[in-house]
Amino acid sequence: MATDSERNERMEKIVSLCKRRGFIFQSAEMYGGLNGCWDYGPLGAEVKRNLKDYWWQKNVIERDDIVGLDGSILTHQEVLKASGHVGGFSDPMCDCLLSRARLRADQVPEQSGTAVWYAGASHADSGWSVDTEFAVLVPSGKDADSAKKTARQFYGERLPDKKVSPKELELIEHKREELEATTRFNPSNGALLTEPREFNLMFQTSVGASSGEGSIAYLRPETAQSIFVQFKNVLETSRQKLPFGIAQIGKAFRNEINPRNFTFRSREFEQMEIEFFCRGEDGLRLTDEWLERRLSFYEEIGIPREKLHILDVPDGERAHYSSKTYDIEYDFPFGIQELEGVAYRTDYDLRKHGEASGKPIEYFDEQAKEKFVPHVVEPSAGCDRTVLALICEAYDEETVTNEKGKEETRTVMRFDPKIAPVKCGVFPLLKNKPELVAKAKEVKALLSPLMNVFYDETAAVGRRYRRQDEIGTPFCATIDFDTIGENGPELANTVTVRDRDSMNQERVKIDQLPAYIGSKLV
RNA sequence: GCGGGUGUAGUUCAAUGGUAGAACGCGAGCUUCCCAAGCUUGAGACGUGGGUUCGAUUCCCAUCACCCGCUCCA
């Protein structure tokens with residue numbers, strides 16, 4: 001098991017490789033950067049597209065029972081009120097300064113008593129002091145000095161030396177006041193609360209020229225809602241029967257309090273979601289089935305099962321709408337973190353939208369002659385998180401001995417070929433031999449319509465191989481003197497194909513090259 | 001949101017209260033018959049804004065961003 005610092009160091013190398021080679025850049029870097037936002041460079045864009053295309057291929061194109069949707073990002077406020085995104089999370093919240101519990105400001109009960117205010121605290125022996133303001137409310141009838149214990153606890157947490165007992169602290173009390181019906185203190189411990197703050201993770205905007213209450217819209221916080229809201233339209237136009245799914249890939253936005261870990265938690269991110277609708281009695285079984293199917297998907301794109309962890313989210317930690325949720329987590333260098341949630345959302349969403357709009361969303365089962373609100377199982381994958389996992393998983397350093405017998409490090413991105421941003425490098429062995437260059441350009445033209453190819457004629461061929469290693473190109477084709485027939489007709493029109501992982505070389509006929517590489521990209 | 005740390009070239013690092021260096025990488029040229037070879041040559045940086053100062057990349061303050069530990073993640 002790698003130590004924390006080794007894992008941090010590995011992550012730093014990955015981040016700098018992403019920048020250096022053009023996978024991922026800080027958004028608006030030349031203006032100082034925009035917190036929690038990232039741009040994909042030329043290679044990152046390819047990786048991300050390959051992932052999305054493969055997901056779409058497997059879940060929509062190759063399945064009869066799932067259809068696609070591409071919903072708008074701007075979302076009607078009523079949609080998000082019905083889903084619960086607006087109601088519960090737009091209220092002002094305050095935090096307890098001592099326990100850090102977050103409370104809804106309008107639900108803090110009114111209390112009366114003596115507020116004891118402190119300007120700070122100090123520790124005589126070590127000379128340490130702090131001037132953070134704090135206060136404790138002592139209920140009427142109790143000894144006001146009992147506030148000291150709470151205050152010592154508060155300031156004690158700020159002590160740099162944890163061996164110092166909070167009891168040794170000198171408190172700097174600066175005033176006492178009698179308060180009636182105050183809501184500024186935590187009822188469970190008397191500690192001061194922060195000022196109430198708006199706490200809504202959604203980005204709000206207004207639609208149209210006038211910006212009244214009615215024009216409020218939000219950037220969607222998840223792609224799922226447009227699927228629920230369009231359920232009836234999709235059902236009618238696609239001629240699907242239960243069970244069936246609606247798939248969507250698209251951007252979602254959350255104003256995260258603290259974006260972290262490179263692209264892992266960003267404010268703008270892309271989701272790949274399926275809402276798979278079914279009868280209520282099939283919900284739990286389908287949740288388990290989808291979990292297995294999704295695990296296989298990750299293996300197919302090059303994330304081995306042993307690097308994935310399945311978390312059966314316990315009661316109380318699941319979202320309010322879910323009665324069963326599995327998180328699929330990946331072992332990132334910065335910790336085990338979620339890639340995808342497979343949640344059984346019951347009939348919560350369709351029912352809520354039916355109630356809120358006054359237009360019930362029901363499905364009529366011809367055979368059973370019954371009408372009901374479908375339930376839904378949702379495998380919801382984070383696209384950017386998966387790209388990051390693919391990059392972390394691909395990153396490898398290997399020690400090789402060069403021709404002078406010196407050891408050096410070869411950095412290789414071991415992407416699965418179907419994920420790799422560039423599929424094949426094409427090199428003339430020497431750039432000052434026009435016949436080689438011309439032939440190499442022919443090979444590039446042959447492959448380009450089929451896959452992303454990178455032509456390179458600068459520097460020694462070994463360097464060109466290493467450049468491709470670092471961006472994960474699985475194959476390189478080198479055009480040499482054999483190719484142009486200088487060493488006999490039997491080798492004419494063959495190229496050297498060099499394999500990224502083994503560094504082995506093999507001769508392949510040019511006309512067989514598309515099939516040779518193509519077969520490894522499926 | 002709290003606490004700590006870091007911002008110098010594309011990357012990784014130096015040095016400095018008075019002209020900012022290197023390595024690797026990148027571009028051009030020469031050379032080269034398969035794994036980062038060599039030679040010549042070129043481009044390229046003090047996150048941003050204030051303050052102190054004759055003068056600030058350096059000291060101070062603020063801000064922005066990133067990293068680490070908590071917290072949060074409907």
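Letters A, B, ... mirror the listed sequences (proteins, then strands); counts begin at 1. Basis for what follows: all heavy atoms, side chains included, without hydrogens, waters or symmetry-related copies.
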Counting only side-chain N and O atoms of A/Lys19, is one of them less than 4.0 Å from OP1 or OP2 of B/rG10? no

List for me each residue that meets side-chain contact (heavy atoms from CB on, under 4.5 Å) alongside A/Lys433, sequence neighbours excluded, and say none if there are none. A/Leu430, A/Glu435, A/Leu436, A/Phe481

Which letters describe nucleotides 24-29 of chain B, given B = protein heavy atom under 4.0 Å from base, S = only from sugar-phosphate, - = neither? -SSS-S

Are A/Asp396 and A/Arg500 close enough for a salt bridge, meaning some N to O gap below 4.0 Å? no

Separation of the P atoms in B/rC34 and B/rC24, to the nearest angstrom: 23 Å

Excluding sequence neighbours, so at least two apart, what forms ring pair (Phe, Tyr, Trp, His ring centres under 6.0 Å) with A/Trp117? none

NE2 (A/His309) with more than 12 external heavy atoms under 6.0 Å: yes

Who passes ring pair (Phe, Tyr, Trp, His ring centres under 6.0 Å) against A/Tyr298, sequence neighbours left out? none

Integer angstrom distance from the P of B/rU6 to that of B/rG10: 22 Å

Give the rounded distance in Å between these two atoms: CD1 of A/Ile14 and P of B/rU12. 14 Å

Counting only side-chain heavy atoms from C-beta out, which of B/rC72, B/rC34, B/rA74 sits nearest to A/Leu429? B/rC34

Only one of A/Arg498, A/Arg463, A/Arg464, A/Arg21 passes salt bridge (charged side-chain N to carboxylate O under 4.0 Å, His left out) with A/Asp469, and that residue is A/Arg498

Quick one: label A/Arg410 by what it contacts on the DNA or RNA (base, sugar-phosphate, nothing), any heavy atom closer than 4.0 Å. nothing

Whole-Å P distance, B/rU57 and B/rC68: 30 Å

Among residues 472-486 of chain A, which residues get a heavy atom nearer than 4.0 Å to RNA chain B? A/Thr478, A/Asp480, A/Phe481, A/Glu486

Minimum-distance nucleotide to A/Glu470 side chain [options: B/rA36, B/rC68, B/rU31]: B/rA36

Sole residue of A/Glu442, A/Lys439, A/Gln512 in side-chain hydrogen bond (donor to acceptor under 3.5 Å, both in side chains) with A/Asn493: A/Lys439

Contacting residues from residues 373-400 of chain A, given that a heavy atom lies under 4.0 angstrom of RNA chain B: none

Counting only heavy atoms from other residues, nucleotides and ligands, does the tally under 6.0 Å from NZ of A/Lys509 exceed 12? no

The criterion is ring pair (Phe, Tyr, Trp, His ring centres under 6.0 Å); which residues satisfy it with A/Phe277, sequence neighbours excluded? A/Phe231, A/Phe244

Distance between the C1' atoms of B/rC33 and B/rA28, in whole angstroms? 24 Å

Between B/rG7 and B/rC46, how far apart are the two P atoms, rounded to whole Å? 15 Å

How close or far is atom P of B/rC73 from atom CG of A/Asn255, stated in whole angstroms? 15 Å

Can you check the distance between B/rC35 and B/rG49, where both ends of the measurement are the C1' atom (answer in whole Å)? 49 Å

Pairing stems for RNA chain B [at least three consecutive pairs; Watson-Crick or G-U; under 3.5 angstrom]: B:1-7 with B:64-70, B:10-13 with B:21-24, B:26-30 with B:38-42, B:47-51 with B:59-63

Tell me the interatomic distance from A/Met30, atom CE, to B/rG10, atom P, rounded to whole angstroms. 12 Å

Whole Å only: how far is the CE atom of A/Met11 from the C1' atom of B/rG69? 17 Å

Counterpart residues, side-chain contact (heavy atoms from CB on, under 4.5 Å), relative to A/Glu397 (two or more places apart): A/Lys13, A/Tyr395, A/Thr409, A/Thr411

Do the ring planes of A/Phe415 and A/Phe23 sit parallel (below 30°), tilted (30 to 60°) or perpendicular (above 60°)? tilted

Quick one: on RNA chain B, does A/Ser16 or A/Tyr321 contact a more 5' nucleotide (nearest heavy atom)? A/Ser16

Distance in angstrom units between A/Arg500 CZ and B/rC34 P, rounded: 24 Å

B/rU11, B/rC33, B/rA74: which one has an atom nearest the side-chain heavy atoms of A/Leu430? B/rC33

Rounding to an integer number of Å, can you tell me how far A/Arg498 CZ sits from B/rC34 C1'? 10 Å

Encode nucleotides 61-67 of chain B as B, S and - characters from 5' to 3', where the letter depends on protein heavy atoms closer than 4.0 Å: B to the base, S only to sugar-phosphate, - to neither. ---SSSS

Pairwise P distance, B/rG44 and B/rG5 [rounded to whole Å]: 36 Å

Tell me which pairs pass salt bridge (charged side-chain N to carboxylate O under 4.0 Å, His left out) where either residue lies in residues 221-230 of chain A, with sequence neighbours left out. A/Glu222-A/Arg345

Where do A/Thr483 and A/Asp480 land on the side chain to side chain donor-acceptor pair (under 3.5 Å) test, with the steps shown first? CA-CA 5 Å; A/Thr483 314; A/Asp480 56 20; 3.0 Å; yes

For this output row, return yes or no: ring centroids of A/Phe262 and A/Trp38 closer than 6.0 angstrom. yes

Let's see if you can work this out: which of B/rC73, B/rU12, B/rC35 has an atom nearest to the side-chain heavy atoms of A/Arg466? B/rC35

A/Asp331 pairs by side-chain contact (heavy atoms from CB on, under 4.5 Å) with which of A/Arg7, A/Glu393, A/Gln337? A/Arg7

Results of side-chain contact (heavy atoms from CB on, under 4.5 Å) for A/Glu506 - residues two or more places apart only: A/Val508, A/Tyr516

May I ask you to decide if the ring planes of A/Phe334 and A/Phe332 are parallel, tilted or perpendicular, using 30° and 60° as cut-offs? parallel

With a non-hydrogen cut-off below 4.0 angstrom, is A/Asn258 in contact with a base, only sugar-phosphate, or nothing? base

What is the separation between atom NZ on A/Lys13 and atom P on B/rU12, rounded to the nearest whole Å? 12 Å

Atom C1', compared across B/rU19 and B/rG55: separation rounded to whole Å: 14 Å

Near A/Lys149 NZ, under 6.0 Å, is it more than 12 heavy atoms from other residues, nucleotides or ligands? no

Take the protein atom CG of A/Leu193 and the nucleotide atom C1' of B/rG1, then report the distance between them rounded to whole Å. 14 Å

